[in-house]
Amino acid sequence: MDRKKIKKLNNIAVDVRKDIVTISSSANIYHIASALSPVELLVALYFHVMHIDPNNPRWSGRDRCVLSKGHGGAALFSVLYRRGFFSRKKLETFCQNGSTLPTHPMMQSAPGVEATTGSLGHGLPIGLGMAMALRHEKRKNNVFVILSDGECDEGSVWESALYAGYHALDNLVVCIDYNKIQSFGRTAEVLDLEPLADKFRAFRWHVQEIDGHDISAITKAMEMAKKSKGNPHCIIAHTVKGRGISYMEDQLEWHYKSPQGKLLDQALRELGIQYER
Amino acid sequence: MRQAFIDTLHTLAKNDKKIILMNGDLGFSVLEDFIAAYPDRSYNMGVAEANMIGAAAGYSFEGYTVFVYSIVPFVTMRVFEQVRNDIGMQKANVKIVGVGSGFTYGQLGPTHHAVEDIALMRSIPNMTVVCPGDPAETREATKALVKMKGPAYLRIGKKGEPVVHKALTSFSLKQSILVRHGNDCALLATGNMVYAAVETAHNLKKHGIEAAVVSVPVVKPIDQKGITSICRKTGTVFTLEEHTVIGGLGSAVAELLLEQNIPVKHFYRFGVPDTFTYFAGSQEFIRRQYGLTPVQISRKILSILRSVSSRTTEDSALLRRSSQILRKR
């Protein structure tokens, strides 16, 4: 990918972070830090890697993306809006009374949302079913599923991992948003996932580990996953919870807080200077 | 019923290439022919039901009618949230097939008894709950479920259930089925208790009581018109189900009658009391402990009609008997 494209995607990532902060703060909604960590993964998918058509969101030839970590819904909604699936006006209804955009996405939320998620451990089985159907039809589309690290505590994730590995579902790509903090503590202290890559390898997955904020590394890993056959793919994306806002980065409390007043100003200021010129 | 289900699905799958069958590592001596005929549309998902339900939903989103087959507790109770979120909430075109309704697997112990599933499945919006009463109803229900788009639960027994309908001329997911005419009372039964209702009606006839028998294969959405009409006509209503009395057919009928202001003289729910069954036994044996054989049901109905026995004493007698069995062990 050329420099220009990388710069473009990085700037979209900044836009998305600003959206997340703005819409969450105006609804006084938390889970912000969780939405900030997978931003580059989503931007890379929707603006470069996936074949999609915002004007025909149910196009059968599209690649599918399931945000299994539904608590990052603000990021998905912003990316869908910026990719042209729906309007700014709709995005601004996020978590407002009567809105179809709650924190956790619903299939009924908006065009482009592939599945209802929010309860952890549901998105991967759903994505797996889609991948099975696409394989049955001998289609070349891929299914991407974004998991959180804490979500990997769920048994259903490993039920899917076992199935996909044994049946060599190579059209399935899992991206783990590995920001190292789950709901009530650090993953290393709550229920350590390590050695995470080895676990997926043992389940017969092809595993790559990358910097989850490096657009170029992400797209390279995803392209490689699309090309390489014979195993399902796991991209372990090392990320930072609350990425982009100094006082939120790597802080558990920003799973639960919404920035207001001076903190909101500071967040938007900090994001503002992150655009690449 | 199992055989009626799979034979019907087998036939339908010949022309309907969108029919998929997933199983949770179960189906010995039932699913083999289907799998052999349609290997590319059959999936053994392993002993991993949460994944199976989610995968069934995801598969259905690609335009398929996905049947998921396992034993009732594993495919309704263990995975309740998957059924709620992945199938119900997203209106997935998935048909959950639970085998071993009630005490079909009585000898396997209470982990394998299935008496809470109707209540659970009924509580999920968008879910159609179908409990066929015999092989003929199972065949028709399977056909109807393939035609119907959206979530459904099909609760079936095992094998060798007696035939209720020699010929079933019409079947709809919207209607209950009048099996026998009668003006003195109505026996509303679902699933594998429909035959018991028919036998009960025969017993009652010997005592000069003409009982109407209505099979209610679709517990949700319930046939409001048909049920209120027969209840209004007879004024005395008994519900029969091999399911806890909490939240099943009896509850559904009670809710309906109260809300529609249908006056009834007598109302009683024949079902499983609010207890686990801490002993093994054949289906017939366990039914007997809970007063669910036609002879016991008839006796109870006669006593209600004559109003000589209070319901509470009878209930506690039943519970006493089941706990006596437990103590002996």
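Proteins get letters first, then strands, A, B, ... in listed order; numbering begins at 1 in each. Basis for what follows: all heavy atoms, side chains included, without hydrogens, waters or symmetry-related copies.
Highest contact tally toward chain B, considering only Ser156(A), Ser60(A), Ser119(A), is held by Ser119(A) [criterion: heavy-atom pairs under 4.5 Å]. Residue with the most contacts toward chain B among Leu162(A), Leu128(A), Thr116(A): Thr116(A) (heavy-atom pairs, distance under 4.5 Å). Of all the listed residues (Arg58(A), Glu114(A), His136(A), Met130(A)), the one sharing the greatest number of non-hydrogen pairs under 4.5 Å with chain B is His136(A).
With a 6.0 Å radius and a threshold of 12 heavy atoms from other residues, nucleotides or ligands, Lys147(B) has its NZ atom at or below the threshold. Heavy atoms of other residues, nucleotides or ligands lying less than 6.0 angstrom from NZ of Lys140(A) number 12 at most. Applying the 6.0 Å contact sphere to OH of Tyr256(A) captures more than 12 heavy atoms from other residues, nucleotides or ligands. Within 6.0 Å of NZ in Lys18(B) there are more than 12 heavy atoms belonging to other residues, nucleotides or ligands. Applying the 6.0 Å contact sphere to CZ of Arg83(A) captures more than 12 heavy atoms from other residues, nucleotides or ligands. Within 6.0 Å of the CZ atom in Phe80(B), the count of heavy atoms belonging to other residues, nucleotides or ligands exceeds 12. The number of heavy-atom neighbours closer than 6.0 Å to NZ of Lys149(B), taken from other residues, nucleotides and ligands shown, is above 12.
At a threshold of 4.5 Å between non-hydrogen side-chain atoms, the residues Glu81(B) and His122(A) count as touching.
Here CD1 of Ile126(A) is found 11.0 Å from CD1 of Ile53(B). Values are rounded to the nearest 0.5 Å.
Proximity to chain A (any heavy atom under 4.5 Å) is restricted, for Met22(B), to the side chain, taken from C-beta onward. For a residue to count as touching a neighbouring chain, one of its non-hydrogen atoms must lie under 4.5 Å from one of that chain's; by this rule Phe61(B) touches chain A with backbone and side chain alike.
With Met107(A) as reference, Gln90(B) is the one residue of Gln90(B), Lys91(B), Met89(B) to meet the side-chain contact (heavy atoms from CB on, under 4.5 Å) rule.
Between the side chain of Glu62(B) and the backbone N or O of Ala133(A), no donor-acceptor pair lies under 3.5 Å.
The heavy-atom pair separating Met132(A) from Ala55(B) by the smallest distance is SD-CB, 4.3 Å.
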